[in-house]
*Asks:* 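First, the structure itself, so that you have it in front of you.
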Protein chains: 2
Amino acid sequence: MGRHREFDPDEALHIALHVFRRRGYEGTSISDLTEAMGITRPSLYAAFGNKEDLFRRTLDLYERQHLCFAHAALQAPTVREAVERLLRGYIDVLTDPTSPPGCLGVNGAVACSEASEPIREELIARRMVNENNLRDRLETARAGGDFPSDEDPADWARYVVSIGLGMAVRAASGASREELQRVVDVALRGWPTLPR
Amino acid sequence: MGRHREFDPDEALHIALHVFRRRGYEGTSISDLTEAMGITRPSLYAAFGNKEDLFRRTLDLYERQHLCFAHAALQAPTVREAVERLLRGYIDVLTDPTSPPGCLGVNGAVACSEASEPIREELIARRMVNENNLRDRLETARAGGDFPSDEDPADWARYVVSIGLGMAVRAASGASREELQRVVDVALRGWPTLPR
DNA sequence: AGTATATCATACTGATCGGTATGCTAAACG
DNA sequence: CGTTTAGCATACCGATCAGTATGATATACT
């Protein structure tokens, strides 16, 4: 019973994602959001809780909609190919012409005040999940002979994620897709070869 | 003629650097600064202009005091050693125990609102200067036979800077010195070998 | 129809933002 | 000494921040 909601929460969340990607977490004001969504402040708070809650739900949508390629990438036949798909797929996300450049996760986690410390930690934790997934993939590859036994999966996972972070910063600064492709080209030059 | 200033502007600038490194450009309020410096708002504005002016002067101090190692690093006998000194020296800056972790330049350039767009562009420009210096060093190395002639100096400079950016993000997230050293270890694995 | 309830629009809260006007105080000049 | 001038302290400016109280409106149930 009661009045019907006059907006689509899912559509509104997509708009929030767009705004947050453009302006970052702290750089986005509630007014920015309500204006873009076409709803009022009380409607936003009723539907999504406070700003932090909304950002977390936006993060979920971002991972579900834009970072979902990672799961498939990790299942490539070889780790080397998995890593390459990971990085190339990430470039697609970072330079998607229909979205503001850069990564929602990286842009939010780096700077700004300590009022949003919980958000910073959340983003660091989510990033760590991805790094651990990659490390696990490298470990199974090593066990299966697809990765040298004298190499440390954690070291390589950390390295690959660092490359991703660097590209995310560059993308936020306006780097082109081609530029980033060249970073990946060079980054994969050192991929360890199997002893034979 | 006139009253004497009761604080040391240079010391105040050092404090500003510390605060900006901890909280970022937008995350730092004027009140944060005056409180840490122990001076009043009018004194700050009289001595340093507005927030943007102060941040630029802080950037100058940061480069002069913490990024000065780069110039010496580039003069190492081999490019490969120059790059290694660049990255290891950067780790020292990122994890200096007497300063907040991370890089003033990177933390400021990534996120936050568009009110500080001029600062973002300034930081991107300063970063580009460093990348160009490295590219030039790679070019002279190539001309001198210290770097393969079929490799692109711009590609490698971009790659090295990207590694640096990735490490800066990690450092801001609390990465240890050892972790970052391992990133550099792996990153340099792919350094091109000279034909012989 | 009548009532309960959820959503709407408007306007507001106290806090904080970057930046400044005003008047006081201390030092350098005559 | 007295005037000038620069730095200090206080208190303020309008704007904006995240979040909310209030009352009108529209739907669903009885």
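Note: hydrogens, waters and symmetry copies are ignored here, and every other heavy atom, side chains too, is used. First the proteins, then the strands, lettered A, B, ... as listed; each starts at 1.
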*Asks:* Within this structure, what is the CZ-to-C1' distance between B:Phe7 and D:dA9, rounded to whole angstrom?
*Replies:*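 Rounded to the whole Å, the gap is 14 Å.
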*Asks:* Regarding A:Thr34, tell me which of base, sugar-phosphate or nothing describes its non-hydrogen contacts under 4.0 Å with the strands shown.
*Replies:*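 Counting heavy atoms under 4.0 Å across all strands, no contact is made by A:Thr34.
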*Asks:* Round to the nearest Å and state the distance from B:Leu44 atom CG to C:dT20 atom P.
*Replies:*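 Distance check: B:Leu44 CG to C:dT20 P gives 12 Å.
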*Asks:* Do the side-chain N or O atoms of B:Ser43 get closer than 4.0 angstrom to the phosphate oxygens (OP1, OP2) of D:dG7?
*Replies:*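 No, B:Ser43 has no side-chain N/O under 4.0 Å of OP1/OP2 on D:dG7.
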*Asks:* Identify which nucleotide among C:dC8, D:dG19, D:dT10 has an atom closest to any side-chain atom of A:Arg5, counting heavy atoms from C-beta outward.
*Replies:*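 Out of C:dC8, D:dG19, D:dT10, the nucleotide with an atom closest to A:Arg5's side chain is C:dC8.
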*Asks:* Looking only at the side chains, is there a donor atom on one of B:Arg41 and B:Ser31 sitting less than 3.5 Å from an acceptor on the other?
*Replies:*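 Looking only at side-chain atoms, B:Ser31 and B:Arg41 do form a donor-acceptor pair, the distance falling under 3.5 Å.
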*Asks:* Measure all distances between protein nitrogen or oxygen atoms and nitrogen or oxygen atoms of nucleotides 23-28 of chain D, and list the pairs falling under 3.5 Å.
*Replies:*
| unit_1 | atom_1 | unit_2 | atom_2 | d |
| --- | --- | --- | --- | --- |
| D:dT25 | O2 | A:Arg3 | NH1 | 3.0 |
| D:dT27 | O3' | A:His4 | NE2 | 3.0 |
| D:dT27 | O2 | A:Gly2 | N | 3.4 |
| D:dA28 | OP1 | A:His4 | NE2 | 2.5 |

*Asks:* Verify the contact: side-chain N or O of B:Ser29 to OP1 or OP2 of C:dC17, cut-off strictly under 4.0 Å; return yes or no.
*Replies:*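 Yes, within the criterion.
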*Asks:* Which whole-number value in Å describes the distance from B:Glu35 CD to C:dC17 P?
*Replies:*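 Taking CD of B:Glu35 and P of C:dC17, I get 10 Å after rounding.
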*Asks:* Report the distance from atom CD1 of A:Ile30 to atom C1' of D:dT20, rounded to the nearest whole Å.
*Replies:*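 That distance rounds to 12 Å.
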*Asks:* Any N or O donor-acceptor pair linking the side chain of B:Arg41 to the base of C:dG19 at under 3.5 Å?
*Replies:*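 Indeed, a donor on one side and an acceptor on the other fall under 3.5 Å apart.
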*Asks:* Please report, rounded to the nearest Å, how far the P atom of C:dC17 is from the OH atom of B:Tyr45.
*Replies:*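 Atom OH in B:Tyr45 sits about 11 Å away from atom P in C:dC17.
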*Asks:* Do A:Thr40 and A:Ser43 have a side chain donor and acceptor closer than 3.5 Å?
*Replies:*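 The answer is yes; a qualifying pair exists.
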*Asks:* Check every atom of C:dG19, D:dT10, D:dC17 against the side chain of A:Ser31 and return the nucleotide holding the closest atom.
*Replies:*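 In terms of side-chain proximity for A:Ser31, the closest of C:dG19, D:dT10, D:dC17 is D:dC17.
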*Asks:* In this structure, how many angstroms lie between the P atom of C:dT16 and the CD atom of A:Glu26, rounded?
*Replies:*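 A:Glu26 atom CD is separated from C:dT16 atom P by 14 Å.
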*Asks:* For B:Met37 and D:dG7, what is the distance between atoms CE and P respectively, to the nearest whole Å?
*Replies:*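 These atoms are roughly 16 Å apart.
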*Asks:* Side chain of A:Thr40 only, please: which of D:dA9, D:dG19, C:dT10 is the nearest?
*Replies:*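 That would be C:dT10.
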